[in-house]
Amino acid sequence: MDSKPSPAVVVSAVPPYGHVILSAKWRGSTLAHHFKGVVKAIFEEELGVVDLHLSNKSCILYVSESDVVAGNDYKRKIVRFRNANSNFHGVVLVEKTRLSEQYFSGLQRFVVLELGLTLLAVASPVEAAQLISQMVHGESKENPFRRRSACRLLDPVVLNLVQQIPGVGKVKAMALLQQFSSIHQICNLSAQQLESVVGQATAQQIWGFFHNQLS
DNA sequence: TCGTAGGTTTT
DNA sequence: AAAACCTACGA
């Protein structure tokens, strides 16, 4: 069921779950056509330089094969895209085809290294639609397009285990793993060594947790 | 899952 | 003493 009377007023640029907002110029395009049945498209006239909004606070700029090959000052466009959407996670979706692949590494250097945006390559509009569908559907689950607050270097499983130690919460678990990197290491530390990271009371608690056999 | 009250630890 | 932290509880 396509809902044709979409609201004329833009309340916000964040679509409801399972939907994407895309700029009106995509109406009737191959890309939009392949959303059918998987994600719902809401067309919006004034989206500025953005092509597509996802509800996970991401917005997408689509760079087509012809944009790349013709050099259509897409760089200027990407810069405007980045500047206009500081609150969102900017993703540049580029068509990497036989014709455009020779320009890809240059584009990659520019988008990722210089602008700090995410770059995703697809071979065709159909593939782009599939990828976007996956991004939309993966929103509720963990997905690689979500902004991560914590640093990715710490294993979340290990982090959780360390937090099971009484007196140790998020902050101290992070601090401990930053300094000692493994549970195995932490459990062999003396209370004095632990005190270099954590306070005296907590150091005792941690040492006790590993060494006091509770009855 | 997220925010917060209330008690404890750290500085 | 103030700031930071931990935990448990309720929306």
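Letters A, B, ... are given to chains in the order of the sequence lines, protein chains preceding strands, and every chain is numbered from 1.
We find that CD of A:Gln204 is positioned 15 Å from C1' of B:dT10, with the value rounded to whole Å. Taking atom CD of A:Glu195 as the reference point, atom C1' of B:dT9 lies 12 Å away to the nearest angstrom. A straight line from CD1 of A:Ile165 to C1' of C:dC5 spans 16 Å, rounded to a whole angstrom. Rounded to an integer number of Å, the gap from A:Leu194 CG to B:dT9 P is 16 Å. Rounded to whole angstrom, the span from the CD atom of A:Gln200 across to the C1' atom of C:dC5 amounts to 17 Å. Protein atom NZ of A:Lys170 is 10 Å distant from nucleotide atom P of C:dC6, rounded to whole Å. Per the geometry, CD belonging to A:Gln205 stands 9 Å off C1' belonging to B:dT9, to the nearest Å. In this structure, A:Met174 atom CE and C:dA4 atom C1' are separated by 15 Å, rounded to whole Å.
Of the listed residues (A:Val91, A:Ile78, A:Leu61), just one forms a side-chain contact (heavy atoms from CB on, under 4.5 Å) with A:Leu117, and that residue is A:Ile78.
The two residues A:Arg27 and A:Glu45 come nearest to each other via the heavy atoms NH1-OE2, 3.7 Å. Nearest heavy-atom pair, A:Thr30 versus A:Pro125, reported as atom, atom and distance to 0.1 Å: CB-CB, 4.1 Å.
Atom NZ of A:Lys170 has 12 or fewer heavy atoms from other residues, nucleotides or ligands within 6.0 Å.
Between C:dC6 and A:Thr202, no contact under 4.0 Å exists linking OP1 or OP2 to a side-chain N or O.
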